[in-house]
Every structure is written in C-alpha cells, then in structure tokens.
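Only one structure is covered here, and it is reproduced in the block below.
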Amino acid sequence: MHDLGAIDLMAPAAAECLVLVGIHSYLGLHVIRRRVIFVDLALAQVAALGTAVGLLFGMAPDSWAAWIYSVLTTFIGAAVFTLTRIRHRKIPHEAFIGLVYAVAAAAIVLLVEMAPARGADSIGKVLTGAILYVQWESIAFAAIVYSLVAAVHVAFRKRFMLITTDPEGAARQGVNVRLWDFLFYLTFGVVISVSVRTAGVLLVFVFLIAPAIFASMITRSFRAQLLIGWAMGTVVTVLGLYASYALDVPSGPSVVGLYGLVLAAGMVVLHVLRAADRGAAVRRVLAGVGALAATGLVVAGLGEAMLGTPLAEGQHHHEGALAHHHDEGEPHVPEVHTPEDFAALLAEASPDEQAKHLAEHAADVDLLVGAARATDDESIQLAIATALAEAHPREAAGILLGILRQGTLPFVKSEALERFQELAGRQFAYDPGGDTGANAEALSEMERWVDSLGG
Amino acid sequence: MQAFGLFDLMGPAMVETVLLAGILSYLGLHILRRQVIFADLALAQIAAMGATIGFIIGMAPDSTGVWIFSFLFTVIGAAIFALGRVEDARVPQEAVIGLAYAVAAATVVLLVAKAPDGAEHIEQMLVGAIISIKWPFIAVSAVLVAATAGFHYWKRDVFLAISEDPHAAARRGLRLRLWDFLFYLSFGVVVAVAVRAAGVLQVFVLLVVPSMAAMFLTERFRAQVGIAWAWGAVVGVGGLVLSFYGDVPAGPTVALTEGLSLLLLGIALYLVRHGGRAVVRVGLGAGATAAVLLAMFLLGRALGDSPLAMSRSEARQQRIEQEVR
C-alpha cells in the first residue's frame, strides 16, 4: 500500500484550477472594463440557483440535467441583465445586479429547504465548491466548453473589446450593442455555469476579479494584462492548493485567501515603486502595517480578556416565547446514559439539534460508537462519524465502513464515501450506487486501510 | 400541543424588522448616492467574519462579546474602505471591495470548516435567525439604532453633502476622510447588529430595495427617507407573515418578498408613466416569463426521471451494469 502525496491528491484540482485560470482571467478583464463587478457574482449565483431548482425535480446536483438547468437560468439572467439596463440618473446598474445576487442566494436557501434530499451542507458547497473532488471527466468537459467560448471570443475579439470599452462609439458605428452585450453575457454565463459546479461561487468570482485587478494595476495593454493575469493566476493557484494540502484546510477558501494576500502585497509594492518620494511611501506602508498589527493585537487581547466574563456567555437565561431555539446556548437536553438513549435522542432531533447533541458528547467515544451501533438510521450514523472524524479517525472510519457496506441510500453512501476518502486522504473505487457484491474489492481495500490504523 | 399564533411567534421578529428597516433604508439612500453597492455587502460579510472569529475563540454565539468582535471588525473594514480609496481609474473601487467580500466569506468558511455544525453556521450567517430573536436584543438594537439615527439627524447636512458630491464638500472645507470614516463607523454599528439578527442577505436587501423604491418615486430626500422606511417595514413584515403561513424560513422569504416588491413597483411605474404601449410590452414580458417557467417545469418533469438526472456515480454504475449484460 502506498501513501498518496500532494501530487496524487491535488493533481485533478490543480488541473481544474489551471483550466479555470485561462478563461476567467480573460473574462475578468472585460468585467473590470465594463465596471460591472457584481455581474459575475450574480450570474454565478443564478447558475447555482438553476442547480437548486433541479433539486426540486430530483436531479442530483452533479447530474447533466442539473447543469442544463443552470445553463438555462444563466441565460435568463443574461437576458435580464442586457434588457434591464435601466438608465436611472441616480441608481447605479450595480444595485440591480446586486439585488439579483441577493435574491438568487435567498431563493437557493429556500429551495434547498424544500427539496426532497435537503441539507444545509449544499449551501456551503454552493459557496465554496468541492474542487478537491473534481473528476477528470469534468475537467475535460470544462476544457472543451471553455475552448469553444475562447474561440468565439478570439474570432470576434475586436467586436467584444469595442462594446466593452466604448459602447456609445460602437452604437455610432452601427454595431448592435444589445445583441453583442447579450452574446457577451451568454458566453460568460456558459463558462460560469460550468465552473460554479466544481469551484463554487466565491472561487469563480475571485478567479475572475483578482488576476484582472492585479494585471490592470501593472499595465494598460490588454495583451500584457492577459499574460500577467495568467501568470499570477497559475502561480497563486498552485501555491494556494499546496498550502491547503500542507496545512490541511479546505482548498477553495485557501486559494481565495492567497489571492487576496498577493493582491494586497502587489498594491503595497506598486504604491512604493510609483511614489515620488519612496522613503515617505515606505514609511507610510510601515505605519499602515504597524497599525494593522497593533489593531490585530488589541482585538486578540480584547478577545482574551472577554473570555470567561459574562460578555462571552450566551443569553439563555432570558426567556423567549418561541418554539424555535436557534441560538440558545443550552437547550434542554434529557440526560443520556446509554447509547440506545442517545440514538433515540438523535433520531428525534432536528439536524441542528443533532449537531448540538453530538458536539456536547463528542468526548464520549464509547457513547457515540455505541449509538451508531444501536441505530439503523444511516444518516445518524453518518452524523456520528462526522463528529468523531477529527479526534477519533479510526472509530469514524469504522462507522463509515459499516454504512458503505450495509447502507441502502445512495446519497448517504456517497456522502460517507466522501468522508472516508477525506479521512484516508486517497480515493477508492467504491460506487455508492452499487451493491456490496460489486464493491467487494473496494470494501476490502478500505477495510485493510482501517486495520492499518491499528488501535 | 400548544399552538403558537402569528404574533407569539413573529412579534419580536416584526419589531426588529421595522427597526432595522428604518435605519437600513436610510443608510441605503446614502449607499446608492455614493455608488458603492458592494461596500454594504462586504461590510455585512466582514461583520459576520468578526462574529465567527469570536465564536471560534470560544464565545457563545449570542453573547455580547461576539457582537463587540463583529463591530470591531466592521470598523476596521470601514476604516480601510474610507482611508484606502484607490485613486487608480483603471481599477474600480468596487472591484477591490468585492474582493474584500469574497475574502471575508472564504475566511468564514475556512474558520468553521472544522466546527461540528459548520454548515449550519454558514447558513445562519447568510440568512440570520430573526425568528428566534429575543426582547433584550431588540432593546439593545433599538438603542443603537436610535443613537445612529440621532447622530445622522444632527449632522444631516454634512452627511448628505459628502454622499452627494464629495468634491464640492471638500472644496467647502469639510474634512472628507474624517466624515467618510464617521459615516462608515455608524454604518458599522448598525450592520454589526443587523447581520446578527437578520443575516447578510436580508441586510443587503433592506439596504438596497427600500431606498431604490423611494428613489423611483420621488426626488426629495426627506420624502425618500419616509417612503423607504415605510416600504422596508411594510414589505418586511409582509414577508414574515408569508413565511409564517407558508411555513418556510423567514430570512430568505423576506429577502425574496422585498425583491419582488421592487419588481412590481418597477412594472407599475412603467405602466403609469408610459401608458398604452407599456401595457402591451408588460403583457408580452409576463407571457414570456410564464412560457419560460412552464417550459422549465415541463423540462424538469421530463428530465427528472431520465438518466440525465442521475448523479455521476449512479450513471457510472448503470454503465457498468449495461456492459455486464
């Protein structure tokens, strides 16, 4: 048996990111010139909305049907943005686009709530994606779609550039600005509907904006900007993914964070280089960094000081005449003594109460493992395994293996598989849709891995 | 089982919504004049990040300490937005602010990645938990809202001047950066409270929708303030009532209702101001929308049971089975 290193684990994610960098850096330059920064966030959210609508009809989020839906909703969004360019003297177009974003996000939350296979999880995934688990076939698909879009943009590059930089001039020359605007948003929407599936709303947004800002700060030439954007995107992506592997933190948000850091550093360097008086600029920068560090220290100290005081305590002693106890510190928990009791308690609890119970008893491994044995509800077993994963990977893996072996619900099994692979840090040829016979080989390989943990 | 009536369950949420609508719709009028739409979303997200950090270092999610953290972060964010105005015309300030938004959101996700109820926390950050709000919290937010409103009323001329025409204000000898910072500071106080109660999305919608509605309806600032508050409050409470009877989550429902109300207002104004031809156009638009929805519904029904709706793993399994046969 061999350990999977950074390259094996990260290769698909890195490939996907590089494919993303290519088209998004280019489109980002258009977005910056058009000054409609919100558009991509809004379109990405609208694409995700399509996937959420698909959930209602029983489409799996990673199915083709769901993708067709997200393309459709994105087209509608593109049409709306082109048609409703309301030229109100005082209200910026951005306000409408921002509103589309917020309304789409709210609608997603509602739809996920209404969908048969629901879960707060999917909301987090819509935001941050699951780029680590991208499959080679999706990467190939994305590469094909992006190449087609890129070909269209190369073929009509002068047109697209003209309507982006000078729409009034284009209209005077007799170009149908609305049509080309729509074509722009259409191609844009196709790209985003593909990328949101794997990368999530936030990462897609940053892939668009960050390289474009960075390059625009350095030069005015479009070609040079494109090259700088690609170079910056590639380097940051690879470093961000490596950092997420080395530090064991989620990869999407790590890349986002690194983009922000590099951009801030770039601004500071440019500020110093371009200042008339470099000494003064350096002093200003140092003062700024010092002020930030001091603020950070003060905030940290304050946090430290507040911990343990009444300020850091919940307000659970206040009475509220509410059926819902969403953020009360301590709900009324019946005393649990046996694993059977605990399993019964979990079975009755809502998902967030479940999480609370599990967090409370996380230290009691025997109780949790016993409860997982006592119940035959796979989703409860999954929740227990998730709660145990951090501190007791072996027990968690054992429970997950049980689900994978005896489970009946494919989506619980695929979730369990995902968790198991996270724990193991490698992929298994297990198929959540198949029966135990078909998966015998993968299961025994998994079992060998669990045994290798010892204990 | 004891049945809860509308007001037992929704009373506190309604009061809080009216309060927040009052101050947020007023601030929204400034935000629209300043043309920095992203700033409010970014600040709301930064407030949520501060709260998350407080929560991660061990404070109870509904403690005062978490609010203080959330407020501090908002102030820092506000200071950076106010002081670090990018003068570079090639990079719109919105782009930088948008990036701050994304980084703040990603930070929250990173921070809660290892918490057992991380996904729940992210959902709550987005849509809030206004339904479970308590009276003491409402009292605190009332005091803060009143303080902010009082300050803005006292210095109303200055605030309006720097929002409408900063350059002219600077020529008149106003200290632009100081007042900008004070504006964002008061904004931060309100947003830190509002995000905790209502979530990032609802705060954003309450900032933008009522003020846009008011600006459509009138040009006078005073009238705009009145209309915006009324609009935000009435539609917000309406959304809560809808969520009660429809048994759906309150936060997203309010956000959707507010958005829908603006759409209806836009259509109504269009009809009134343009008459006959507008009726035909709106009819066509409504017809097209209905057709698209119907098409999507039929498509959904058709695709829902087809192999295309399977997740990849299921599809792979089916391929294997076919090959075996």
Side-chain angles (χ1 to χ4, degrees), chain A residues 32 35 37 57-60 62-65 90-92 94-95 98-99 102-103 105-106 109-110 113 120-121 123-124 128 202 205-206 209 213 216 249-250 253 256-257 260 295 299 303 306-307 311-315 318 320-324 326-327 329 352 355 359 387 414 431-434, chain B residues 4 8 32 35 37 57-65 72 76 90-92 94-95 98-99 102-103 105-106 109-110 113-114 116-117 119-120 122-123 126-127 129 131-132 134 136 201 204-205 208 212 215 248-249 252 255-256 259 292 296 300 303-304 308-314 316-317:
Chain A
I32 295 258
R35 307 198 160 243
I37 316 301
F57 294 105
M59 303 172 184
D62 65 341
S63 64
W64 290 110
K90 285 197 174 140
I91 301 179
E94 282 271 279
L99 205 60
V103 168
V109 176
L110 272 186
E113 196 84 10
D121 254 45
I123 295 172
T128 57
L202 287 181
F205 176 66
V206 173
I209 295 298
I213 297 181
S216 306
V249 286
V256 173
T295 325
V299 170
M306 281 194 292
L307 275 185
L311 281 180
E313 273 164 26
Q315 299 169 345
H318 297 302
L322 293 170
H324 234 84
H326 209 106
D327 48 21
D352 40 325
S414 65
D431 170 18
Chain B
F4 284 101
D8 299 317
L32 286 185
Q35 311 239 331
I37 315 301
I57 65 171
M59 297 175 179
D62 61 343
S63 63
T64 317
L72 280 178
I76 297 169
R90 282 169 293 175
V91 182
E94 283 277 272
L99 204 69
V103 171
V109 176
L110 264 185
K114 292 188 171 171
D117 47 0
E120 299 279 332
I122 293 175
E123 182 177 345
L126 276 178
V127 298
I131 184 92
S132 57
K134 312 271 189 298
L201 291 181
F204 178 72
V205 169
V208 176
M212 268 161 86
M215 286 173 87
V248 282
L256 281 178
V292 168
M296 284 190 70
L303 284 177
L308 284 175
M310 284 189 293
S311 75
R312 296 220 183 103
S313 49
E314 284 165 1
R316 202 160 48 228
Q317 174 65 12

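Sequence lines set the chain letters: A, B, ... in the order given, protein chains first and strands last, and positions in each chain run from 1.
Counting all heavy atoms, side chain and backbone alike, B:Ala255 lies closest to A:Val103 at O-CG2, 4.2 Å. The nearest pair of heavy atoms linking A:Ala105 to B:Leu201 is CB-CD1, 3.5 Å. Across B:Pro252 and A:Leu110, no two heavy atoms sit closer than the pair CB-CG, 3.6 Å. Considering every non-hydrogen atom in both A:Ala102 and B:Phe204, the closest pair reads CB-CD2, 3.4 Å.
In this structure, the portions of B:Val103 lying under 4.5 Å from any heavy atom of chain A include both its backbone and its side chain.
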